[in-house]
Asks: 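Structure below; questions to follow.
Predicted, not measured: the structure shown is a model, and the values here were computed from it. Chain letters run A, B, ... following the sequence lines, proteins first, then strands; residues in each count from 1.
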Number of protein chains: 2
Amino acid sequence: MSLIQIYQCMCDETRLRILNLLQAGELCVCHVQEILNEPQVKISKHLSYLKTRGMVEVRREANWMIYSLPTRPSRELKSNLACLQDCVAEDPVFRRDTAKLAKLRGKFTDTSPICCAKANRATAVAK
Amino acid sequence: MSLIQIYQCMCDETRLRILNLLQAGELCVCHVQEILNEPQVKISKHLSYLKTRGMVEVRREANWMIYSLPTRPSRELKSNLACLQDCVAEDPVFRRDTAKLAKLRGKFTDTSPICCAKANRATAVAK
DNA sequence: CGAGCATATACCTATTAAGGTATATGCAAG
DNA sequence: CTTGCATATACCTTAATAGGTATATGCTCG
């Protein structure tokens, strides 16, 4: 993953919002979708874009695809993610996303991973 | 200039190389052209791209257009330029550009601004 | 094995980007 | 006022992006 590719990934608002969310931990597609309030196909395609460029990793958990930032990020990626974090700290859209995520997280007893799989299991247990 | 625009400006190698050079000070088009070894039209168009997005400023000095980074960069821009600097510090292409610029600078007695205007005046004086 | 859920992909359209060639602009020097 | 230099712009072509609609895939559960 080259520096150029990092910037290519970061030059779209939807992708920036996704990356911002993933900094707080892994997420399944449906939760990203819910937080950003965008159509499934849009989210899916942006995640795919990020994945082909090595900006995110995926694993499957039953029906759900769980996306996360690379476990071993390059120095460039680390720098840029930190920079992003710094830049959006006071941006209303990003703050709102982060707040929404925290709220979603609040629905679960433990902290990670957050995904529909867990949501489902949680509600299953609740029943 | 939004954060997205900053990343849009940074997602092309030519533009990254230009921004890297400009971090060392203002430059005229012909010197950028010489250092990057790319056609005039290519450089000019990328500079224009950067300018319309507020990433660079321009002033005319006789025949020459002298480009520089904004005198009052936003916090986001400052962060990202610093991050870029950090990321390319060991990249051979960027290092070579910087070295070439230093060599060019070496041709002049004083340090700034470096541009063809100055080169011309210098040779004129030499004559 | 059939239905349903979460996600991905095919396909289409419109927009933008990147590069090239040719030409125009603006200034300065004679 | 013409020439030359530095730079910008118009115009063209090709490729990449972004978004949408429709459909396919892969898994789970009954």
Asks: Has the side chain of A:Lys42 got a donor or acceptor that lies under 3.5 Å from a partner of the other kind on the base of D:dG20?
Replies: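 In this structure, the two groups form no donor-acceptor pair.
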Asks: Which whole-number value in Å describes the distance from B:Gln33 CD to D:dA8 P?
Replies: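 Atom CD in B:Gln33 sits about 10 Å away from atom P in D:dA8.
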Asks: Given 3.5 Å as the limit, does a donor-acceptor pair link the side chain of B:Gln23 with the main chain of B:Leu81, or not?
Replies: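 Judged by distance alone, yes, a pair lies under 3.5 Å.
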Asks: Round to a whole Å and report the spacing from NZ of A:Lys45 to P of D:dA16.
Replies: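 Between P of D:dA16 and NZ of A:Lys45: 16 Å.
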Asks: Between D:dT25 atom P and A:Met65 atom CE, what is the distance in whole Å?
Replies: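 Those two atoms, CE and P, are 15 Å apart.
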Asks: Within the structure, does a side-chain N or O atom of B:Arg59 lie under 4.0 Å from either OP1 or OP2 of D:dT7?
Replies: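 Result: no.
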Asks: Examine D:dA18: is either OP1 or OP2 under 4.0 Å from a nitrogen or oxygen in the side chain of A:Arg15? Give yes or no.
Replies: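 For D:dA18, OP1 or OP2 has a side-chain N or O of A:Arg15 closer than 4.0 Å.
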Asks: Return the nearest nucleotide to the side chain of A:Ala62; candidates are D:dA22, D:dT9, D:dC27.
Replies: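 The answer is D:dC27, which lies nearest to the side chain.
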Asks: Output yes when at least one side-chain N/O atom of B:Tyr49 is less than 4.0 Å from OP1 or OP2 of D:dT9, else no.
Replies: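 For B:Tyr49, the contact criterion (side-chain N or O under 4.0 Å from OP1 or OP2 of D:dT9) is not met.
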Asks: In this structure, how many angstroms lie between the P atom of C:dT7 and the OH atom of A:Tyr67, rounded?
Replies: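 Rounding to the nearest Å, OH of A:Tyr67 and P of C:dT7 are 9 Å apart.
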Asks: Between atom CD1 in A:Ile4 and atom P in C:dA17, what is the gap in whole Å?
Replies: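 It is 15 Å, rounded to the nearest whole Å.
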Asks: Please determine whether a side-chain nitrogen of the Lys or Arg among B:Asp86 and A:Arg75 lies less than 4.0 Å from a carboxylate oxygen of the Asp or Glu.
Replies: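 A salt bridge is present here (some side-chain N lies under 4.0 Å from a carboxylate O).
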Asks: Nearest to the side chain of B:Arg53 - D:dG26, C:dT9, C:dA17?
Replies: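 Closest nucleotide to the B:Arg53 side chain: C:dA17.
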Asks: Can you check the A:Asn63 CG to D:dC29 C1' distance for me, whole Å?
Replies: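 In whole Å, D:dC29 C1' and A:Asn63 CG are 10 Å from each other.
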Asks: Is the side chain of B:Arg53 donor-acceptor paired with the backbone N or O of B:Met55 at a distance under 3.5 Å, no angle test?
Replies: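 No; judged by distance alone, with no hydrogens or angles, the pair does not exist.
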Asks: Are A:Arg59 and A:Glu61 close enough for a salt bridge, meaning some N to O gap below 4.0 Å?
Replies: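 A:Glu61 and A:Arg59: salt-bridged.
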Asks: May I ask you to verify if any side-chain N or O of A:His46 is less than 4.0 angstrom from the OP1 or OP2 atom of D:dT17?
Replies: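 A:His46 to D:dT17 OP1/OP2: no side-chain N or O under 4.0 Å.
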Asks: Tell me the interatomic distance from A:Tyr7, atom OH, to D:dA16, atom C1', rounded to whole angstroms.
Replies: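 Rounding to the nearest Å, OH of A:Tyr7 and C1' of D:dA16 are 21 Å apart.
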Asks: Figure out the CD/C1' separation between B:Glu13 and C:dA18, and round it to whole Å.
Replies: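 About 14 Å, once rounded to whole Å.
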Asks: Between the base of D:dA6 and the side chain of B:Gln40, is there any donor-acceptor pair under 3.5 Å?
Replies: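 No pair found.
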Asks: Of the nucleotides C:dG20, C:dT9, D:dG19, which one has an atom closest to the side chain of A:Thr14?
Replies: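 Of C:dG20, C:dT9, D:dG19, D:dG19 is nearest to the side chain of A:Thr14.
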Asks: Checking A:Lys100 side chain against A:Ile35 main chain: does a donor-acceptor pair fall under 3.5 Å?
Replies: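 Here the side-chain-to-backbone pair exists.
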